[in-house]
Structures are given as structure tokens and as C-alpha cells.
J.: 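One structure is given below, represented as C-alpha cells, and several questions about it will come after.
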Amino acid sequence: MRIDKYLWCTRYFKTRSIATEACKKGHIKINEKAVKPSRDVFPTDKIEVRKNQINYKLTVLDVPPNRVGAKLVDMYRKDTTPKEAFEHSDLLKYSKDYYRKKGVGRPTKKDRREIDDYTTNSLEEE
């Protein structure tokens, strides 16, 4: 089975075309080598999928006949993603958490003054 179809069947990607695009961009590796979407998958292959800034690592146990339900996915792959990868994504989420929500608009005069004070103070300290 093709790698793009396998990733779609095991529900790593919502559509097969998204899985194909990820392969073309080099986000999919089999046995530590970037692959094309047409590369075949066999049991015991180690796959690395880069999705949402997380490197998922999985081992192919079997090849599904077609797209499977979410409860049956574990029959066809073993997820060996380390927990540190998920902790890293949580840190990214918190680092992007500003006091101004997205879409609120331009900074106010007070915000600009605080930004200027911060930048001038950090330059003076050096």
C-alpha cells in the first residue's frame, strides 16, 4: 500500500491529498529517509510524520484493506512517539498566549509606550 494511502487509512490525515502533499514537502520519512507519496509500506517499517510541529513516530504492524475506524487504528500501527514531543507543543502554545487576543486590532498608545520602554531598557542593560 502507498504511504499516502496508509496515512489516510490510519487517520493521520483527513484527506489523501493532504497526505500526498505532506510527502512531497518531506514531512514523511520511512526508516529515516524522506519518501515520495508512491512509496510502498510494509510491516515493521518505521515511519516519522511531522504534523502540527510534532514528530510522530510509528511502527507499521499490518496494512489495512481500506480506511479504518478510529477504534481499529491500533491494530495496524504502534505509536512510539515520545511524551517530550507533546510537552514541547504545550510550551509552544503557552508561549504564543499573549494578553491581547488575535484580531483585537492595533496596539494602543499605552501598549506602544510599554513596548518602547521594554526595548530601550533591554538595550541599556547590554
Side-chain angles (χ1 to χ4, degrees):
M1 176 181 282
R2 293 168 50 114
I3 182 65
D4 59 344
K5 188 172 182 182
Y6 177 82
L7 292 171
W8 170 74
C9 287
T10 55
R11 298 185 170 268
Y12 273 92
F13 292 100
K14 188 174 183 178
T15 64
R16 190 166 163 192
S17 61
I18 296 172
T20 303
E21 193 63 33
C23 290
K24 289 179 181 176
K25 289 181 179 178
H27 295 217
I28 311 299
K29 294 180 181 179
I30 296 179
N31 299 328
E32 299 179 6
K33 293 181 184 175
V35 294
K36 294 181 178 179
S38 61
R39 165 73 154 71
D40 283 336
V41 176
F42 302 102
T44 70
D45 279 346
K46 307 271 190 247
I47 300 176
E48 185 174 332
V49 180
R50 175 120 175 118
K51 183 179 170 192
N52 298 331
Q53 297 184 347
I54 298 175
N55 289 328
Y56 294 96
K57 296 180 191 293
L58 49 126
T59 306
V60 178
L61 298 177
D62 196 11
V63 179
N66 51 13
R67 190 166 168 105
V68 294
K71 293 181 180 177
L72 303 176
V73 168
D74 290 331
M75 292 172 41
Y76 299 103
R77 58 104 173 126
K78 181 180 179 187
D79 194 354
T80 57
T81 307
K83 293 187 186 217
E84 293 84 31
F86 297 110
E87 292 170 0
H88 178 70
S89 69
D90 289 342
L91 290 175
L92 282 174
K93 183 175 68 173
Y94 290 127
S95 69
K96 292 179 182 177
D97 213 9
Y98 301 114
Y99 79 98
R100 292 177 58 84
K101 298 296 179 195
K102 185 175 180 176
V104 172
R106 295 172 55 180
T108 63
K109 192 172 190 177
K110 180 182 175 191
D111 293 335
R112 287 196 306 273
R113 286 182 179 150
E114 288 175 355
I115 292 169
D116 288 340
D117 287 343
Y118 177 75
T119 55
T120 55
N121 288 339
S122 64
L123 291 175
E124 291 173 359
E125 291 174 0
E126 292 177 2

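Quick caveat: nothing in here was measured; it's all calculated off a predicted structure.
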J.: Can you give each donor-acceptor pair under 3.5 Å made by side-chain atoms of residues 66-73, sequence neighbours left out, with the distance rounded to 0.1 Å?
T.:
from: R67; atom 1: NH1; to: W8; atom 2: O; distance (Å): 2.6

J.: Could you pull out all donor-acceptor pairs under 3.5 Å where a side-chain atom in residues 34-52 meets a protein atom, sequence neighbours excluded?
T.:
from: D45; atom 1: OD2; to: F42; atom 2: N; distance (Å): 2.9
from: E48; atom 1: OE1; to: K57; atom 2: NZ; distance (Å): 3.4
from: R50; atom 1: NH1; to: N55; atom 2: OD1; distance (Å): 3.3
from: K51; atom 1: NZ; to: Y12; atom 2: O; distance (Å): 2.4

J.: Between atom CE of M75 and atom CG of D62, what is the distance when rounded to the nearest 0.5 Å?
T.: 7.5 Å
J.: Is the closest side-chain heavy-atom distance between I28 and F13 below 4.5 Å?
T.: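 Sidechains of F13 and I28: in contact.
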J.: Would you give the length of the straight line joining atom OG1 of T59 to atom CZ of R77, rounded to the nearest 0.5 angstrom?
T.: 10.5 Å
J.: For residues I30 and I54: do they belong to one hydrophobic cluster (side chain heavy atoms under 4.5 Å, members Ile, Leu, Val, Met, Phe, Trp, Tyr)?
T.: yes
J.: Quick one: does any side-chain atom of D116 pair with a main-chain N or O of R113 as donor and acceptor, under 3.5 Å?
T.: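 Checked: no pair found.
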J.: Quick one: CG on D4 to CZ on R16, what's the gap to the nearest 0.5 Å?
T.: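 So the CG of D4 and the CZ of R16 are separated by 4.5 Å.
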